[in-house]
Undergrad: 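Input: one structure, supplied below.
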Amino acid sequence: MSPRILGIETSCDETAAAVVEDGAAVLSSVVASQMDTHGKYGGVVPELASREHLRAIVPVVREALEGSGTKLEDLAAIAVTVGPGLVGSLLVGLTYAKSLCFARGLPLIAVNHIEGHIQAAVMEARRTGKPVEFPALALVVSGGHTHLFEVREGFHYRLLGKTRDDAAGEAFDKVAKLLGFAYPGGPVIDGLAPHGDPAAVRFTFVKMKGNALDFSFSGLKTAVLRWVESHDMESEIEARRALRRENPKPAAEQWLAATPQRTLDLLASFQRAVITELLTRAAAAAEGMGARTLIVSGGVACNTGLRAAAQAANLPYPARFPSPGLSTDNAAMIAAAAFPKLARREFASLDIAAQANLTLA
Ligand code: KG4
Ligand code: ZN
C-alpha cells in the first residue's frame with residue numbers, strides 16, 4: 001500500500017481530519033465547522049473554540065479514517081498542526097495526535113499551518129498533472145494571515161512581505177460586521193460584490209514605507225467606516241442585524257434584498273481595493289524573484305473576484321488556486337505538507353509544544 005498519512009487540524013475554528021495517500025490523493029477530508037457557534041459573536045471566541053474542538057475531535061478523526069477505509073495500523077504517520085493559531089485550539093488536536101501516536105507506535109509529524117495552506121495548492125497542482133514550477137511565489141491569504149513567501153524546490157521558504165495590520169480575511173470580516181452582515185464576512189461580500197459597481201467608491205492604494213511588499217488593510221477598513229458614518233446607513237444596518245438575529249445564516253438572496261444599490265457599490269469597491277492590494281504586491285514580488293508559478297491559498301483564495309482578477313491579469317506565469325474546500329482550513333493540507341517530512345524522516349518528539357506564534361520563515 002502507498003503511504004497514507006492522517007492529518008489533524010484544530011488551529012482555529014474548524015475541527016478537521018483527513019487521510020491523504022502518497023501526497024496526492026485525498027481519500028477523505030472531514031471539516032466540522034464551528035461557524036454556528038461563533039457567528040452570533042461576529043468572530044471566533046477562543047474558549048468556545050477549544051470546547052467545540054474537544055467535542056468534535058474524536059468523531060471527526062473516526063469519520064476520516066472510516067471514510068477512507070483506513071485503520072490506524074495502516075498509517076505511515078500522523079500529521080498535526082502545531083501552530084500558528086489559538087493555543088487552546090491547537091492543544092486539542094496536538095494532544096489527540098500525540099496520544100494516537102503513543103498508543104499505536106506511529107511517528108508524529110508537526111506541521112506549520114501556513115505551510116499547510118501552501119502545500120494544499122502544491123498537492124492539487126500535482127494531482128491535476130500541472131505541477132507547481134519552482135521557484136514559486138505563495139500568497140497566503142486568510143482570516144489570520146496575509147503573507148508572501150518565496151518557495152524554492154525542496155520546500156525552502158523565505159518571507160517577502162506580510163500585512164502590517166489586519167489580514168485580508170479579517171478586513172472582509174470587519175467590514176461585513178460593521179455593515180450588519182454575518183460572520184464570516186468574506187463569502188457574504190463575495191456574493192454581493194458582483195451586484196455593485198467596483199468603480200463607485202474610490203479607495204486610495206497605500207504606498208508602503210520600508211518594505212514595498214508589505215500589505216496594509218486597516219486604512220481601507222477605516223475608509224469604509226468613514227463612508228458609512230457619512231451616508232446615513234443606520235436603518236439598513238439595523239435591518240440586516242435583525243435579519244441575522246432571525247436567521248443566523250441568511251441566503252444570498254435575503255442579503256441582496258436587504259442591501260440597497262449604494263451599499264452594493266460600496267462592497268464591490270471595497271472588494272476591488274482588497275484584490276488590487278493583494279495582486280499588485282504579489283505581482284511585484286513574483287517579478288522580483290523570477291517566480292515560475294503563483295500560488296494563492298487560504299480562505300480568501302475562495303474569493304471569485306480575486307480568482308477572476310488573477311486570470312484577467314495575464315500574468316507571465318500560471319496562477320494556481322486550490323479548489324475552495326482545500327483553500328479554507330482543512331486537514332488534507334496538513335497531511336499533504338507532511339509527505340516531504342516523512343521522506344526525510346523528520347519526526348516530532350511526543351513532548352512537542354503547541355506554538356501559537358509559530359512562523360514559517
Ligand atoms: O483559511 P481560513 O479558513 O482560516 C484562517 O486560517 O483564517 O480563512 C478564513 C477567512 C475568513 O476571514 C473569511 O471571511 C475568508 O477567509 N473567506 C473569504 C471567502 N471565503 C472565506 N474572503 C473573501 N471571499 C471569500 N469567498
Ligand atoms: Zn488557515
Side-chain angles (χ1 to χ4, degrees), residues 7-16 18 29 31-35 38-39 42-44 46 49 53 81-86 89-90 93 111-121 138-147 149 162-163 166-179 181-194 217 220-221 249 252 255 267-268 270-279 295-310 321-334 336-337 356-358 360:
I8 297 179
E9 152 67 39
T10 63
S11 68
C12 188
D13 60 344
E14 327 274 358
T15 315
S29 179
V31 180
S33 167
Q34 305 177 0
M35 258 168 218
H38 303 291
V44 179
H53 284 307
T81 308
V82 284
L86 300 169
S89 292
L90 289 165
V111 174
N112 180 312
H113 180 85
I114 302 174
E115 181 172 22
H117 276 302
I118 296 173
Q119 291 289 341
L139 168 62
V140 181
V141 262
S142 70
H145 319 282
T146 305
H147 286 67
F149 291 100
K162 66 177 190 327
T163 182
D166 294 346
E170 197 179 351
F172 273 101
D173 296 337
K174 286 180 175 169
V175 163
K177 185 176 180 181
L178 164 75
L179 288 164
F181 295 101
Y183 172 85
V188 179
I189 295 180
D190 190 6
L192 294 175
F217 294 98
L220 180 58
K221 181 188 64 191
K249 263 194 272 178
W255 284 132
L267 292 176
F270 161 76
Q271 178 168 298
R272 177 185 273 184
V274 174
I275 293 170
T276 305
E277 171 82 4
L278 292 174
L279 288 184
I295 292 169
V296 187
S297 191
V300 180
C302 294
N303 188 268
T304 43
L306 176 62
R307 287 177 184 239
F321 288 73
S323 50
L326 278 175
S327 295
T328 48
D329 286 352
N330 67 88
M333 69 185 198
I334 302 304
N357 299 314
L358 185 64
L360 180 57

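Whatever order the structure lists ligands and atoms in, that order sets their numbers, starting from 1.
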Undergrad: If we only count N/O pairs under 3.5 Å, is E14 in contact with ligand 1?
TA: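 The answer is no, given that E14 and ligand 1 share no N or O pair closer than 3.5 Å.
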Undergrad: Do N330 and E9 have side chains that get closer than 4.5 Å, going by heavy atoms?
TA: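 No, every pair of side-chain atoms sits at 4.5 Å or beyond.
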Undergrad: Heavy-atom contacts under 4.0 Å between D190 and ligand 1: side chain, backbone, both, or neither?
TA: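 D190 to ligand 1: side-chain contact only, backbone stays beyond 4.0 Å.
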Undergrad: Assess whether side-chain contact (heavy atoms from CB on, under 4.5 Å) is satisfied between L179 and L267, documenting all intermediate values.
TA: CA-CA 10 Å; L179 288 164; L267 292 176; 3.6 Å; yes
Undergrad: The Zn ion (ligand 2) and H145: any N/O/S contact shorter than 2.8 Å?
TA: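 No, H145 does not qualify, because none of its backbone or side-chain N, O or S atoms lies under 2.8 Å.
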Undergrad: Drop me the distance from I8's CD1 to H53's NE2, to the nearest 0.5 angstrom.
TA: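 Output value for this atom pair is 12.0 Å.
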Undergrad: Counting from 1, what ligand 1 atoms have a heavy atom of G144 closer than 4.0 Å?
TA: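 Contacts of ligand 1 toward G144, numbered from 1: 7 (O).
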Undergrad: Can you confirm, on distance only, whether ligand 1 has an N/O atom lying under 3.5 Å from any N/O atom belonging to G169?
TA: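 Yes; at least one N/O pair falls below 3.5 Å.
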Undergrad: Would D173 count as being in polar contact with ligand 1, using the rule that some N or O on each side must be under 3.5 angstrom apart?
TA: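 Yes - when backbone and side-chain N and O of D173 are compared with those of ligand 1, one distance drops under 3.5 Å.
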Undergrad: Specify whether an N/O/S atom of H117 falls short of 2.8 Å from the Zn ion (ligand 2).
TA: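 Yes, since at least one N, O or S atom of H117 sits under 2.8 Å from the Zn ion (ligand 2).
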Undergrad: What distance do L306 atom CG and Q271 atom CD have between them, rounded to the nearest 0.5 Å?
TA: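 The CG atom of L306 sits 8.5 Å away from the CD atom of Q271.
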Undergrad: With respect to P184, determine whether any N or O atom, backbone or side chain, lies less than 3.5 Å from an N or O atom of ligand 1.
TA: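 No.
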Undergrad: What I'd like to find out is whether the side chain of F217 reaches to under 4.5 Å of the side chain of L278, using heavy atoms alone.
TA: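 Counting from C-beta outward, F217 and L278 do come under 4.5 Å.
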Undergrad: Which of the atoms of ligand 1 are close to H113, meaning less than 4.0 Å from one of its heavy atoms?
TA: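 Counting from 1, the qualifying ligand atoms are 6 (O).
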Undergrad: Which of the numbered atoms in ligand 1 are below 4.0 angstrom from a heavy atom of G143?
TA: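 Checking each atom against G143, I get 5 (C), 7 (O), 8 (O), 9 (C), 10 (C), 12 (O).
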Undergrad: Before signing off on this row, confirm whether T304 and ligand 1 have an N or O atom pair separated by under 3.5 Å.
TA: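 By distance alone, the answer is no.
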Undergrad: Just go through G191, G299, G186 and tell me whose heavy atom is the nearest to atom 21 (C) of ligand 1.
TA: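 Nearest option to atom 21 (C) of ligand 1, by heavy atoms: G299.
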Undergrad: Any heavy-atom pair between the side chains of V44 and Y183 that's under 4.5 Å?
TA: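 Yes, their side chains come closer than 4.5 Å.
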Undergrad: Any chance you could lay out the side-chain contact (heavy atoms from CB on, under 4.5 Å) test for N303 and V141, step after step, and finish with the verdict?
TA: CA-CA 10 Å; N303 188 268; V141 262; over 6 Å; no
Undergrad: Determine, using heavy atoms of C12 and all atoms of ligand 1, whether some pair is separated by less than 4.0 Å.
TA: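 It does not, in that no heavy atom of C12 comes within the 4.0 Å cut-off of ligand 1.
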Undergrad: Begin from the C-alpha positions of D329 and V31 and carry the test side-chain contact (heavy atoms from CB on, under 4.5 Å) through to its verdict.
TA: CA-CA 8 Å; D329 286 352; V31 180; over 6 Å; no
Undergrad: Side chains of S11 and H113 only: does a donor on one sit below 3.5 Å from an acceptor on the other?
TA: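 There is such a pair (donor and acceptor under 3.5 Å, judged by atom type) between the side chains of S11 and H113.
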Undergrad: Considering non-hydrogen atoms of the protein only, which is the closest contact for atom 3 (O) of ligand 1, and what is the distance?
TA: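 Going by distance alone, atom 3 (O) of ligand 1 is nearest to D329 N, 3.0 Å.
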Undergrad: Determine whether any heavy atom of H117 lies closer than 4.0 Å to an atom of ligand 1.
TA: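 H117 counts as a contact of ligand 1 under the 4.0 Å cut-off.
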Undergrad: Can you list the ligand 1 atoms lying under 4.0 Å from a non-hydrogen atom of C302?
TA: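 Close to C302: 20 (N), 26 (N).
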Undergrad: Quick one: angle H113 NE2 - the Zn ion (ligand 2) - D329 OD1, to the nearest 10°?
TA: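 Answer comes to 90°, rounded to 10°.
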Undergrad: Heavy atoms, side chains only, cut-off 4.5 Å: are I118 and L360 in contact?
TA: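 Yes, at least one pair of side-chain atoms sits under 4.5 Å.
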Undergrad: Among protein heavy atoms, which lies nearest atom 24 (N) of ligand 1, and at what distance?
TA: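 The closest one turns out to be N303 ND2, 3.0 Å.
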Undergrad: Among F270, W255, F172, find the one that has a ring pair (Phe, Tyr, Trp, His ring centres under 6.0 Å) with F181.
TA: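 Only match with F181 under ring pair (Phe, Tyr, Trp, His ring centres under 6.0 Å): W255.
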